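The next block holds one structure in the form of structure tokens; read it before the comments.
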Protein chains: 2
Amino acid sequence: MPMNKSSLYKGCLEPIVLQLLQTHRRMYGYEITQTVKEITKGELQITEGALYPLLHRLEAKGLLEAEIQLADNRMRKYYSLTKAGKEKTKSAIGELQVFMQTLEHLINLKLA
Amino acid sequence: MPMNKSSLYKGCLEPIVLQLLQTHRRMYGYEITQTVKEITKGELQITEGALYPLLHRLEAKGLLEAEIQLADNRMRKYYSLTKAGKEKTKSAIGELQVFMQTLEHLINLKLA
DNA sequence: GGATATACCTAATTTTGTTAGGTACACCCT
DNA sequence: AGGGTGTACCTAACAAAATTAGGTATATCC
């Protein structure tokens, strides 16, 4: 079950996760993979091998903070944006929007 | 001169180049970098270290064919899409459009 | 003669994702 | 009791692709 046929999402995972955490306030890893799968109707399946290391990197950079919680002998590691994370999210989303406009522009080109 | 602050274009270079070759019919490497820079007003600067290896890969896969031409002691290696390349372009653009819609969907989420 | 632009190239490194595991517990079913 | 599935975390080996930073060579302009 690959993320996608020809991984276009490379480089976009970070802003996607940041944005999700901004709208949901607080999420754990597995929840992120399932939520994205639902929202995108299976189009984007974030692999755990990509997600967990990313979360760890973002935490190490001080953009996320983690809190472990137990329920029914189940561990959940909840992540939320730090102040720096919120700022980073803002700029990341801005860049992503510019990126999307640029992409659309490039794709809809007709020969002059 | 990096391509971008935080390279979002990572997995999208191939479809972009294919699309450009479809609309322009015939281009050489340096021309591609300059054209993209102009079209995107500097937003996307394809580095040569990314482009040339990509062109070689696409040629090796039989998606592009190359033709070297000389003018004023200047070498230019013109690339154009093969039949297989045209088909690949079609599907790549389709995937890219699905990708863009998914991205937009993810970014424009509001908390339910 | 030197800077800038054109025009190709590659090698080392880094980043990021894929693939493919592993642990552990809960729940359901037979 | 045992097995399958789902939840929930993790990591290591590998692969792909871009970045960084070079190199060569010629033309043009000052």
Side-chain angles (χ1 to χ4, degrees), chain A residues 1-18 26-38 43-61 63-64 66-79 92 95-96 99, chain B residues 1-18 26-38 42-61 63-64 66-79 92 96 99:
Chain A
M1 250 159 236
M3 185 159 82
N4 193 264
K5 313 104 204 171
S6 61
S7 229
L8 291 163
Y9 298 86
K10 231 164 228 193
C12 298
L13 221 57
E14 183 177 316
I16 288 172
V17 167
L18 289 173
R26 203 165 171 275
M27 294 181 93
Y28 56 97
Y30 189 74
E31 185 185 11
I32 293 176
T33 66
Q34 300 307 304
T35 302
V36 167
K37 191 158 76 176
E38 277 169 40
E43 226 286 311
L44 174 53
Q45 275 167 254
I46 301 179
T47 59
E48 302 191 344
L51 181 65
Y52 288 118
L54 171 60
L55 290 171
H56 301 161
R57 283 197 299 274
L58 293 174
E59 192 186 357
K61 278 194 219 168
L63 302 177
L64 299 185
E67 199 188 339
I68 290 169
Q69 216 167 313
L70 282 152
D72 308 311
N73 278 327
R74 273 273 172 57
M75 179 179 72
R76 281 179 179 172
K77 199 162 164 189
Y78 283 92
Y79 289 94
E95 281 171 35
L96 194 57
F99 161 70
Chain B
M1 251 161 235
M3 188 159 77
N4 192 264
K5 313 103 203 172
S6 63
S7 228
L8 292 162
Y9 298 87
K10 249 160 206 195
C12 299
L13 220 58
E14 181 176 316
I16 288 172
V17 168
L18 288 173
R26 202 163 173 276
M27 294 181 92
Y28 56 97
Y30 188 75
E31 184 185 12
I32 293 175
T33 65
Q34 300 308 304
T35 302
V36 168
K37 191 158 78 177
E38 276 170 41
E43 226 287 310
L44 173 54
Q45 275 167 254
I46 301 178
T47 58
E48 302 191 345
L51 181 65
Y52 288 117
L54 172 61
L55 291 171
H56 300 162
R57 284 198 299 276
L58 294 173
E59 191 186 358
K61 279 193 219 167
L63 302 177
L64 299 185
E67 201 188 337
I68 290 170
Q69 217 167 313
L70 282 153
D72 307 311
N73 277 327
R74 273 273 173 58
M75 179 177 72
R76 282 179 178 173
K77 200 163 162 186
Y78 282 93
Y79 289 93
L96 193 57
F99 161 71

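Here the structure is a predicted model, which is why all the values come from computation and not from measurement. Each chain gets a letter, A, B and so on, in the order the sequences are listed, and its residues count up from 1.
- Rounding to whole angstrom units, CD1 of residue A:Ile46 and P of C:dT19 are separated by 15 Å.
- The CG-C1' distance, from B:Asp72 to C:dC8, rounds to 16 Å in whole Å.
- Atom CD of B:Glu14 is separated from atom P of D:dA17 by 7 Å (rounded to the nearest Å).
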Let me have the donor-acceptor pairs involving side chains of residues 26-36 of chain B, under 3.5 Å, with sequence neighbours excluded, atom names and distances please.
from    : atom 1 : to      : atom 2 : distance (Å)
B:Arg26 : NH2    : B:Glu67 : OE1    : 3.4
B:Arg26 : NH2    : B:Gln69 : OE1    : 2.7
B:Tyr28 : OH     : B:Arg76 : NE     : 3.3
B:Tyr28 : OH     : B:Arg76 : NH2    : 3.1
B:Glu31 : OE1    : B:Tyr28 : N      : 3.1
B:Thr33 : OG1    : B:Tyr30 : O      : 2.6
B:Thr35 : OG1    : B:Glu31 : O      : 2.6

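- When the side-chain nitrogen and oxygen atoms of A:His56 are compared with OP1 and OP2 of D:dC10, one or more of them lie within a distance under 4.0 Å.
- The distance between atom CD1 of B:Ile16 and atom C1' of D:dA17, rounded to the nearest whole Å, is 14 Å.
- Nearest heavy atoms, B:Leu13 versus B:Ala50: CD2-CB, 3.8 Å.
- Of the side-chain N and O atoms in B:Ser7, one or more sit less than 4.0 angstrom from OP1 or OP2 of D:dT19.
- Under the side chain to side chain contact (heavy atoms under 4.5 Å, CB included) criterion, B:Arg57 pairs with B:Pro53, B:Leu54, not counting sequence neighbours.
- Applying the side chain to side chain contact (heavy atoms under 4.5 Å, CB included) criterion to A:Leu70, with sequence neighbours excluded, gives A:Met75.
- Separating the OG1 atom in B:Thr47 from the OH atom in B:Tyr52 is a distance of 11.0 Å, to the nearest 0.5 Å.
- Separating the NZ atom in B:Lys10 from the OG atom in A:Ser7 is a distance of 12.0 Å, to the nearest 0.5 Å.
- Distances shown here put every side-chain N or O of A:Asn73 at or beyond 4.0 Å from the OP1 or OP2 atom of C:dA24.
- The phosphate of D:dT19 has OP1 or OP2 within less than 4.0 Å of a side-chain N or O from B:Thr47.
- Note: CG (B:Leu51) to P (C:dC9) measures 9 Å, nearest angstrom.
- With sequence neighbours left out, the ring-ring contact (aromatic ring centres under 6.0 Å, His included) criterion links B:Tyr79 to no other residue.
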Atom pairs, protein N/O to nucleotides 6-8 of chain D N/O, distance under 3.5 Å:
from  : atom 1 : to      : atom 2 : distance (Å)
D:dG6 : N2     : A:Arg74 : NH2    : 2.6
D:dT7 : OP2    : A:Tyr30 : OH     : 2.7
D:dT7 : O5'    : A:Tyr30 : OH     : 3.4
D:dT7 : O2     : A:Arg74 : NE     : 3.4
D:dA8 : OP1    : A:Arg76 : NE     : 2.7
D:dA8 : OP1    : A:Arg76 : NH2    : 2.4
D:dA8 : OP2    : A:Tyr28 : OH     : 2.6
D:dA8 : O3'    : A:Met75 : O      : 3.4

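- For the atom pair CG (A:Leu96) and CD (A:Glu14), the distance works out to 11.0 Å, reported to the nearest 0.5 Å.
- Put simply, CG on A:Leu8 is 11 Å from P on C:dT18, counting in whole angstrom units.
- Here the P atom of nucleotide C:dC9 and the CG atom of B:Leu54 are 12 Å apart, to the nearest Å.
- Across the protein-nucleic acid pair, A:Lys10 atom NZ and C:dT18 atom P stand 7 Å apart, rounded to whole Å.
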So which protein nitrogen or oxygen atoms get under 3.5 Å of nucleotides 12-15 of chain D's nitrogens or oxygens?
none

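- Between the side chains of B:Tyr9 and B:Glu43, at least one donor-acceptor pair of N or O atoms lies under 3.5 Å.
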